[in-house]
Q: 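First the structure, then my questions, so here it is.
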Amino acid sequence: MKNQQDADVIISGGGPVGMGLAIELGQRGIDVLVIEKHPSPQRVPKGQNLTQRTMEHFRAWGAESELRAARTVPAGFGIGGLTSYGTLLGDYHYDWMKRELVHAYYGADNERLPQYATEDVLRARAASLDSVTLLTRREVRDVREDAEGVSVTVHDRTDGTEATFRAAYAVGADGSRSVVRESAGLTQTVFDHDRLMVLLVFQSDTLHRALLDKHPGKSFFNVLHPDLQGYWLFFGRVDLEGEFFFHAPVPDGEDPETFDFQGYVERAVGQSIDMHIRHRGFWDCRVAIADSYGSGRTFIAGDAAHNHPPYGGYGINTGFEDARNLGWKLTARLQGWGGPELLSSYDAERRPVFWSTAKDFIEKSIETDREFLASHDPATDPAAFEAVWSARARGAVNEVGDFQPNYRGSRIVAGPRDGTASAKGAHSFTARPGYHLAPRALPEGGTTHDRLGSGFSLIALGQASAAARFAEDAARLHIPLTVIESAAPGKEDETADYGASLILVRPDQFVAWAGDRLPDDLDTAGILKLAAGA
């Protein structure tokens with residue numbers, strides 16, 4: 001059927017997740033066709049906060065330096081966050097989302113820039129790959145699958161014509177109203193917060209100067225106000241030339257067409273400001289998750305699979321992790337070295353992580369803030385308020401530190417079946433099956449991350465014979481494996497932190513297995529086959 005296909009994989013949606021997946025596949029030699037309705041990224045500055053983990057993806061995609069060069073706030077200006085009480089310029093505030101606290105556990109620094117700038121970089125990188133084709137001004141209208149592949153109906157927005165393209169697999173990265181999800185019959189579970197939210201993009205020199213004076217080096221701001229019952233008044237810098245975005249609930253009973261949004265923003269700031277609004281959009285505050293991330297030959301990722309209020313920067317980063325997880329698994333199946341369990345593990349690993357993200361972080365933060373605002377008021381009991389506020393400031397490190405998506409208990413992880421995938425977990429240098437591998441310095445120079453391959457990687461510390469057995473079995477099974485041999489670590493060597501001398505790392509940098517000797521029930525071939533879904 002190969003000569004009858006237009007691509008190996010067709011992706012609906014050329015936003016950040018769709019283009020990230022296209023690059024992940026294209027770099028591995030998979031022919032990809034991306035269908036996107038917009039000729040260029042929409043210039044709305046959403047999805048700004050990129051985690052260290054996301055920057056590991058950009059490093060793997062060969063676009064890290066280009067992304068950092070595209071940032072709209074100069075490199076010397078801080079990209080951290082701040083929480084304030086009452087108003088943006090009020091007396092009570094503390095640092096928030098301190099991502100630098102988990103820096104050591106990742107192979108790249110975090111970054112911040114508007115989503116459209118991120119998309120520009122992704123499109124440029126995809127354009128450099130002969131295996132990736134991007135068709136714009138088109139949108140997917142239907143997906144039908146059969147035993148041999150998928151047929152994707154595409155509408156041309158320019159001339160109104162329709163065409164059908166064939167591929168082995170289809171992926172919907174086409175947003176919260178995903179046509180691909182609907183075509184595949186994938187239902188959603190929705191938790192509606194019954195709030196209409198507004199997103200404003202505006203210019204204000206007054207606010208720019210006020211923030212430079214009051215909160216220098218900060219780029220995003222979360223304002224807690226008792227009237228909003230835990231929902232945020234959220235400001236973000238776009239650049240250092242006075243452009244900001246603001247999102248918040250539209251007050252109950254107000255007509256969004258006639259409401260005084262400038263007055264609303266000024267009350268949130270705490271003073272009058274000059275303000276030129278250049279974009280105004282609305283969205284419903286809700287959490288939605290597909291009841292399955294795939295069916296047969298059709299899969300969904302990003303907002304098509306899950307969407308939620310843009311609190312904490314989880315959305316775009318979660319979507320990128322979908323792309324890394326699904327990309328290597330589709331490759332493995334297309335190239336013949338992935339087993340029948342592999343593609344179903346995408347849903348089993350990624351969907352529980354989003355459930356946990358939504359419940360343990362996003363909705364929990366709303367509930368926690370609601371309880372705090374209802375119980376403490378600096379005007380009536382300043383001492384009690386300040387004590388709790390100080391405790392919140394000390395505890396602000398926990399949200400970043402506790403967010404460690406993991407695939408514990410996954411069917412393709414050779415580890416304990418004692419849990420399920422989750423977004424909660426303590427960061428650690430220990431190599432734990434189902435968890436992201438932290439980088440550690442090698443005695444001969446560089447880090448373990450520097451030497452990871454594009455397929456599976458085996459870190460072998462003073463284990464030459466075991467490394468040879470893994471390499472032989474991987475070659476026999478046609479499983480791509482990079483062997484990273486180093487000396488057995490001494491007490492001062494960072495690799496001792498792994499707590500294991502043999503570590504099998506998946507293509508997405510998660511640990512598939514770790515130990516000092518083979519388990520009683522698996523040999524090297526068995527470990528490799530299990531990790532590859534066979």
Q: Under a 3.5 Å distance rule, please check whether Ser356 uses its side chain to pair with a backbone N or O of Pro352 as donor and acceptor.
A: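 Judged by distance alone, no pair lies under 3.5 Å.
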Q: Begin from the C-alpha positions of Arg99 and Asn49 and carry the test side chain to side chain contact (heavy atoms under 4.5 Å, CB included) through to its verdict.
A: CA-CA 10 Å; Arg99 299 198 190 279; Asn49 283 312; 4.3 Å; yes
Q: Taking Asn317 for the side chain and Tyr314 for the main chain, is one N or O donor matched with an acceptor at less than 3.5 Å?
A: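 Pair absent, no side-chain N/O of Asn317 close to backbone of Tyr314.
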Q: Please find out if less than 6.0 Å separates the ring center of Trp355 from that of Tyr293.
A: no
Q: Can you check whether Ala488's main-chain N or O pairs, donor with acceptor, with Thr495's side chain at less than 3.5 Å?
A: no
Q: Between Ile459 and Leu437, is the side chain to side chain contact (heavy atoms under 4.5 Å, CB included) condition met? List the steps.
A: CA-CA 11 Å; Ile459 299 172; Leu437 179 81; 3.9 Å; yes
Q: Just to verify, what does Phe456 make a ring pair (Phe, Tyr, Trp, His ring centres under 6.0 Å) with, not counting sequence neighbours?
A: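 Partners of Phe456 under the ring pair (Phe, Tyr, Trp, His ring centres under 6.0 Å) test: Trp328.
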Q: What residues form a side chain to side chain contact (heavy atoms under 4.5 Å, CB included) with Glu66, not counting sequence neighbours?
A: Ala63, Val121
Q: How are the rings of Phe58 and Phe320 set relative to one another: parallel (under 30°), tilted (30 to 60°) or perpendicular (over 60°)?
A: perpendicular
Q: Is the number of heavy atoms from other residues, nucleotides or ligands within 6.0 Å of CG (Asp130) greater than 12?
A: no
Q: For a ring pair (Phe, Tyr, Trp, His ring centres under 6.0 Å) check, start with the C-alpha distance between His436 and His449, then their side-chain angles and the critical distance, and finish with the verdict.
A: CA-CA 11 Å; His436 168 264; His449 270 223; 5.8 Å; yes
Q: Please name all residues satisfying side-chain hydrogen bond (donor to acceptor under 3.5 Å, both in side chains) with Glu363, sequence neighbours left out, ordered by chain then number.
A: His193, Lys359
Q: Can you list every pair that meets side chain to side chain donor-acceptor pair (under 3.5 Å) and has a residue in residues 11-30, with sequence neighbours left out?
A: Ser12-Asp174, Glu24-Arg28, Glu24-Trp61, Glu24-Arg324, Gln27-Arg125
Q: Pairs of donor and acceptor atoms involving the side chains of residues 150-157, under 3.5 Å and at least two apart or interchain, shall be tabulated with distances.
A:
| from | atom 1 | to | atom 2 | distance (Å) |
| --- | --- | --- | --- | --- |
| Ser151 | OG | Arg166 | NH1 | 2.9 |
| Asp156 | OD1 | Thr158 | N | 2.7 |
| Asp156 | OD1 | Asp159 | N | 3.4 |
| Arg157 | NH1 | Glu139 | OE2 | 3.3 |

Q: Check this for me: Arg476, atom CZ, are more than 12 non-hydrogen atoms of other residues, nucleotides or ligands nearer than 6.0 Å?
A: yes
Q: List the steps and the verdict of side chain to side chain donor-acceptor pair (under 3.5 Å) for Arg350 and Tyr407.
A: CA-CA 8 Å; Arg350 295 302 302 152; Tyr407 309 137; 3.1 Å; yes
Q: Give a yes or no on whether the backbone of Gly302 and the side-chain of Asp322 come within a donor-acceptor separation of less than 3.5 Å.
A: yes
Q: Check whether any side-chain N or O of Asp516 sits under 3.5 Å from a backbone N or O of Ser501 as a donor-acceptor pair, and report yes or no.
A: yes
Q: Which pairs with one or both residues in residues 100-109 pass side chain to side chain donor-acceptor pair (under 3.5 Å), sequence neighbours excluded?
A: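 As it turns out, the side chain to side chain donor-acceptor pair (under 3.5 Å) pairs with a partner in residues 100-109, which skip direct neighbours, are His103-Asp109, Tyr106-Gln404, Tyr106-His427.
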Q: Between Leu330 and Ile30, is the side chain to side chain contact (heavy atoms under 4.5 Å, CB included) condition met? List the steps.
A: CA-CA 9 Å; Leu330 285 171; Ile30 303 302; over 6 Å; no
Q: Does Gln335 use its side chain to pair, donor to acceptor, with the backbone of Arg333 at less than 3.5 Å?
A: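 No; zero donor-acceptor contacts below 3.5 Å.
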Q: Ignoring hydrogens, what is the shortest heavy-atom contact between Val143 and Ser183? Give both atom names and the distance.
A: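 Nearest heavy atoms, Val143 then Ser183: N-OG, 3.5 Å.
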Q: Output yes when a side-chain donor or acceptor of Thr136 lies under 3.5 Å from a complementary backbone atom of Pro39, and no otherwise.
A: no
Q: Does the side chain of Thr318 come within less than 4.5 Å of Val353's, by heavy atoms?
A: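 No - every pair of side-chain heavy atoms lies 4.5 Å or more apart.
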Q: Checking the side chain of Thr51 only, and the main-chain atoms of Thr54 only, is there a donor and an acceptor separated by less than 3.5 Å?
A: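 Indeed, once roles are kept as given, a pair shorter than 3.5 Å links the two residues.
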Q: Report the residues that fulfil side-chain hydrogen bond (donor to acceptor under 3.5 Å, both in side chains) with Ser465, sequence neighbours left out, ordered by chain and then residue number.
A: none
Q: In the structure I gave you, are the side-chain heavy atoms of Phe470 and Leu518 within less than 4.5 Å of one another anywhere?
A: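 Of all side-chain heavy-atom pairs linking Leu518 with Phe470, at least one is under 4.5 Å.
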Q: Could you list all the ring pair (Phe, Tyr, Trp, His ring centres under 6.0 Å) pairs where at least one residue sits in residues 10-56, not counting sequence neighbours?
A: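 Every candidate ring pair (Phe, Tyr, Trp, His ring centres under 6.0 Å) pair involving residues 10-56 fails, so no pair, neighbours aside, qualifies.
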Q: Please list all pairs meeting side chain to side chain donor-acceptor pair (under 3.5 Å) that have one or both residues in residues 296-305, counting only residues at least two apart or in different chains.
A: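 Found Glu145-Thr298.
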Q: With salt bridge (Lys or Arg N to Asp or Glu O under 4.0 Å) as the rule and sequence neighbours excluded, what pairs involving residues 411-430 come up?
A: Glu341-Arg411, Arg408-Asp418
Q: Give every residue pair that meets the salt bridge (Lys or Arg N to Asp or Glu O under 4.0 Å) criterion with at least one member in residues 439-457, sequence neighbours excluded.
A: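 Residue pairs passing salt bridge (Lys or Arg N to Asp or Glu O under 4.0 Å), neighbours aside: Arg440-Glu494, Arg440-Asp497, Glu444-Arg451.
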Q: Quick test of your reading: applying salt bridge (Lys or Arg N to Asp or Glu O under 4.0 Å), list the pairs with at least one residue in residues 42-61, sequence neighbours left out, ordered by first then second residue.
A: Arg43-Asp120, Arg53-Glu56, Arg53-Glu321, Arg59-Glu64
